[in-house]
**Q** 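I am attaching a structure below and will ask some questions about it afterwards.
Residue numbering restarts at 1 for every chain, and letters A, B, ... go by the order of the sequence lines. Note: hydrogens, waters and symmetry copies are ignored here, and every other heavy atom, side chains too, is used. Keep in mind it's a predicted model, so treat the numbers as computed, not measured.
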2 protein chains.
Amino acid sequence: MRATIKDVAKKSNVSIATVSLVINNNKRISHNTRKKVLKAIDALGYQPSRSARDLVSRKSGNIGFILTEDHFLKTEPFYTQIFLGAEFEARQHPYYVLLSMISADSSQQNTLPRFVLENSVDGIIIAGKVPEELITNLDKYSFPVVFVDYYPSENGHAAVLIDNLNGGMQATQHLIDCGHSKIAFIGGDMEHPSIRDRFQGYKMALEKKGLSFSNERVINTEIATSRENGYSAASTLLKKDNQITAIFACNDAMAIGAMQYFKEIGLQIPADISIIGFDDVQMDILVDPPLTTMQVPKVDMGSEAMRLISEILDHKINGTKKILMPVNLILRNSTCKLEN
Amino acid sequence: MRATIKDVAKKSNVSIATVSLVINNNKRISHNTRKKVLKAIDALGYQPSRSARDLVSRKSGNIGFILTEDHFLKTEPFYTQIFLGAEFEARQHPYYVLLSMISADSSQQNTLPRFVLENSVDGIIIAGKVPEELITNLDKYSFPVVFVDYYPSENGHAAVLIDNLNGGMQATQHLIDCGHSKIAFIGGDMEHPSIRDRFQGYKMALEKKGLSFSNERVINTEIATSRENGYSAASTLLKKDNQITAIFACNDAMAIGAMQYFKEIGLQIPADISIIGFDDVQMDILVDPPLTTMQVPKVDMGSEAMRLISEILDHKINGTKKILMPVNLILRNSTCKLEN
DNA sequence: ACCTTTTGGTTAAACGTTTAACTAAGGTGG
DNA sequence: CCACCTTAGTTAAACGTTTAACCAAAAGGT
């Protein structure tokens, strides 16, 4: 049978209240008794009971982490890295993380994660794009929520976001710095705020340098940002405008798909065409040539999200804070100076 | 403030004990009061408090799920699928799943997951190969443990395993059925029971058909079962014996790596060389040609593991049961009949 | 020397369940 | 009609914490 607070109290000749105060670092306890109690705790291998604690403090001690199934099972460990960061950070806080996958299919969003139905979390982290219905259903429960790498249409939620606008500008800027002026953009799901912002950054960078923007150099009709769609995007792009010398793909998956197409039709990367991606996924360095990209701090985003929800639960801040994570240009070999 | 059992009791004019009995489906309650109570529960949106429940039942209501970091972040969603299955199955049981990643590096295994140090789980699922030290450290806590897709050297643990022996035989048998007789095996970490068993199956299938086994056709010196190692394994293999017409790779990652090598040196798959993998990962159908492989029921393995730990906790069975998951030949285009 | 703080603790209630032990009211057999 | 069983419910203790309210003793202040 596990040792309880009573056992510790008995062993150290104090009341259970004293033991509790020691555990919670209350300053009302003298150095001596503290030491005495700590010794007993150690000797008995005592661990406070979570349920007892949660019961009186009226908390669950859990944070729910919601992710769509397909994001969780994606080949690229993007959201899993975010989860990893969140779980690691949770170890510094009194929280456990409950991970729940939901269907990305919005038609069956009547089912909320069990931990919300059962009220077993204190707060929720939602990573990536999820169906709007999920969010509205969740609203009824009024849990504190932090979004990561996605932001629902109605405002007022706390969120950890990538600085996509800036990133889009930096990426485009890099291509401009390499001497390119006919720069295309390959995008996917334009409903997604991240992609929209990257596109926006692309346009702003062009404008800033007085370069012309043309819809002929933009692909934004692909539904998903997958490798296959990058491949097909590249093909339709060249049909629309074969003058382009550089491409900014809205993410690495599409960039890699596009690269594959170019290779197949015999274009040299980066000699004939430069390409830059976004995300910095593992695959980038295995691909040939290694992909220049914008690095996004995935693990850090997870820990920021956990820290944020924790702060909200401690009432240190209200629930609308937003954090923009900086993004970093990673130079590899898929981009180069334009020869002419 | 959330409704408690008291509110329900008051609203339905019964004692809290009655409410509790209703919730737990005790047959001592008449149909009428049951209905009355249920109505009140519904009206108040009452949900029993986990912590109160856990406190009196002396359980945590949690199952810990341990995975090494690299397995969790792998490109191929193998272990994540297992986790997914476990989490889905948990919804049918009174458990939440606490996922914890540990370092695969055995040098720093003094740190156990927080949920074991804090005694916050009732049982543990360990997926994939983990450092032996983790297991011995864990032993002191005497939690019920179920292993998935790995099995520690000392016996006596419950486990959900792939029927690798059979799978290895089937895979090899398939190649034999295609008319091949010079069949090579590409393996990795031979410390891993799964790989050893697949190799064993390979040998048995050869033997059964009276085909000669030769060490010249076996690669087992690669450290990891990664794509790159598959690539290099293929290259050394051809140097040892260039008569081979078919290859059984111990997993899909290695198979894909090997395929890449063959393509680069101009060999046609399957015309010049047939290749079969193991695992049935997503990538298989995207690769060219699509890879013939042995399908392993990853999600099912997760749910089986959860069911198993649940049975153990209910004392329905003791903690040494083993489940062998069947494996399925998936015919695609990387293998074909030998022309001669 | 007496009142007031401060220090370092203790007592006891409360958190929301489950469940063993009890009870009141009907039903049953002889 | 009485003793006994069954049915359907209640009472109260217990689970292991936290924390507000209390208190005794020591320390200051005048």
Side-chain angles (χ1 to χ4, degrees), chain A residues 1-41 44-62 94-96 118-122 313-314, chain B residues 1-41 44-62 94-96 118-122 313-314:
Chain A
M1 199 92 297
R2 256 174 81 187
T4 77
I5 201 173
K6 270 187 202 157
D7 302 321
V8 177
K10 198 171 296 169
K11 178 141 190 162
S12 42
N13 285 315
V14 296
S15 70
I16 62 163
T18 303
V19 177
S20 175
L21 293 173
V22 167
I23 294 170
N24 295 288
N25 285 314
N26 193 301
K27 52 291 171 212
R28 224 173 357 172
I29 304 298
S30 75
H31 183 64
N32 274 338
T33 33
R34 170 177 304 281
K35 243 175 48 182
K36 197 171 52 178
V37 170
L38 254 22
K39 213 176 99 188
I41 288 181
L44 295 171
Y46 166 72
Q47 277 294 138
S49 145
R50 271 230 152 204
S51 27
R53 208 174 240 190
D54 292 344
L55 180 56
V56 19
S57 65
R58 313 167 112 103
K59 302 216 169 131
S60 72
N62 295 326
Y95 295 115
Y96 288 125
E118 296 180 352
N119 253 286
S120 317
V121 293
D122 299 329
L313 291 172
D314 292 346
Chain B
M1 199 91 296
R2 254 175 81 188
T4 77
I5 201 172
K6 271 189 203 158
D7 303 320
V8 177
K10 199 170 295 168
K11 179 142 192 161
S12 42
N13 285 314
V14 297
S15 72
I16 63 163
T18 303
V19 177
S20 176
L21 293 174
V22 167
I23 295 171
N24 295 289
N25 285 315
N26 192 301
K27 52 292 171 209
R28 226 176 350 176
I29 305 299
S30 75
H31 185 62
N32 274 339
T33 32
R34 172 180 302 281
K35 245 175 49 181
K36 195 169 56 176
V37 170
L38 253 22
K39 213 177 100 188
I41 288 181
L44 294 170
Y46 166 72
Q47 277 295 140
S49 145
R50 270 227 154 208
S51 26
R53 207 172 241 194
D54 292 343
L55 180 56
V56 17
S57 67
R58 311 168 115 105
K59 302 215 168 133
S60 72
N62 296 325
Y95 295 115
Y96 288 125
E118 295 180 352
N119 253 286
S120 315
V121 292
D122 299 329
L313 291 172
D314 292 346

**Q** Go nucleotide by nucleotide along DNA chain D from the 5' end; which of B/I29 and B/L55 gets its closest nucleotide reached first?
**A** B/I29
**Q** With 3.5 Å as the limit, what N/O pairs link the protein to nucleotides 21-23 of chain C?
**A**
{"from": "C/dA21", "atom 1": "N6", "to": "B/R28", "atom 2": "NH1", "distance (Å)": "3.4"}

**Q** Could you give the NZ-to-P distance, from A/K6 to C/dT10, as a whole number of Å?
**A** 16 Å
**Q** How long is the line joining NZ of A/K10 and C1' of C/dT10, in whole Å?
**A** 17 Å
**Q** Would A/R34 and A/N26 count as a side-chain contact (heavy atoms from CB on, under 4.5 Å) here? Give the steps.
**A** CA-CA 10 Å; A/R34 170 177 304 281; A/N26 193 301; 5.6 Å; no
**Q** Using atom NZ of A/K27 as one end and atom P of C/dG8 as the other, report the distance to the nearest whole Å.
**A** 12 Å
**Q** Whole-Å distance between C/dT11 P and A/I16 CD1?
**A** 10 Å
**Q** Does B/S57 reach a base, just sugar-phosphate, or nothing at all? Heavy atoms under 4.0 Å.
**A** nothing
**Q** On DNA chain C, does the nearest nucleotide to B/T18 precede the nearest nucleotide to A/A17 from the 5' side, or the other way round? Give the residue.
**A** A/A17
**Q** Just the rounded figure in Å: distance from C1' of C/dT7 to CZ of A/R34.
**A** 14 Å
**Q** Run the numbers on B/L38 and B/V22 for side-chain contact (heavy atoms from CB on, under 4.5 Å), then give the verdict.
**A** CA-CA 8 Å; B/L38 253 22; B/V22 167; 3.5 Å; yes
**Q** Which value, rounded to the nearest 0.5 Å, describes the distance between B/I5 atom CD1 and B/S20 atom OG?
**A** 5.0 Å
**Q** Take atom NZ of B/K36 as the centre, draw a 6.0 Å sphere, and report whether it contains more than 12 heavy atoms from other residues, nucleotides or ligands.
**A** yes
**Q** Which part of the nucleic acid does B/T33 contact within heavy-atom distance under 4.0 Å: base, sugar-phosphate only, or nothing?
**A** sugar-phosphate
**Q** For DNA chain D, note the earliest and the latest nucleotide, 5' to 3', having some atom under 4.0 Å of a heavy atom belonging to chain B.
**A** D/dA8 to D/dG16
**Q** Hey, does B/N24 reach any base, or is it just sugar-phosphate, or nothing, if we go heavy atoms under 4.0 Å?
**A** sugar-phosphate
**Q** If you round to the nearest 0.5 Å, how far is CD1 of A/I16 from CG of A/L21?
**A** 10.0 Å
**Q** In Å, rounded to the nearest 0.5 Å, how long is the span from CG of B/L55 to OG of B/S60?
**A** 12.5 Å
**Q** For the pair B/K10 and B/K6, evaluate side-chain contact (heavy atoms from CB on, under 4.5 Å) and give the outcome as yes or no after the intermediate values.
**A** CA-CA 6 Å; B/K10 199 170 295 168; B/K6 271 189 203 158; 5.9 Å; no
**Q** What is the distance from atom CG of B/N62 to atom NZ of B/K59, rounded to the nearest 0.5 Å?
**A** 12.5 Å
**Q** Which is true for A/S49 with a 4.0 Å heavy-atom rule: it touches a base, it touches only sugar-phosphate, or it touches nothing?
**A** sugar-phosphate
**Q** Would you please test A/I41 and A/I23 for side-chain contact (heavy atoms from CB on, under 4.5 Å) and show each step?
**A** CA-CA 9 Å; A/I41 288 181; A/I23 294 170; 4.1 Å; yes
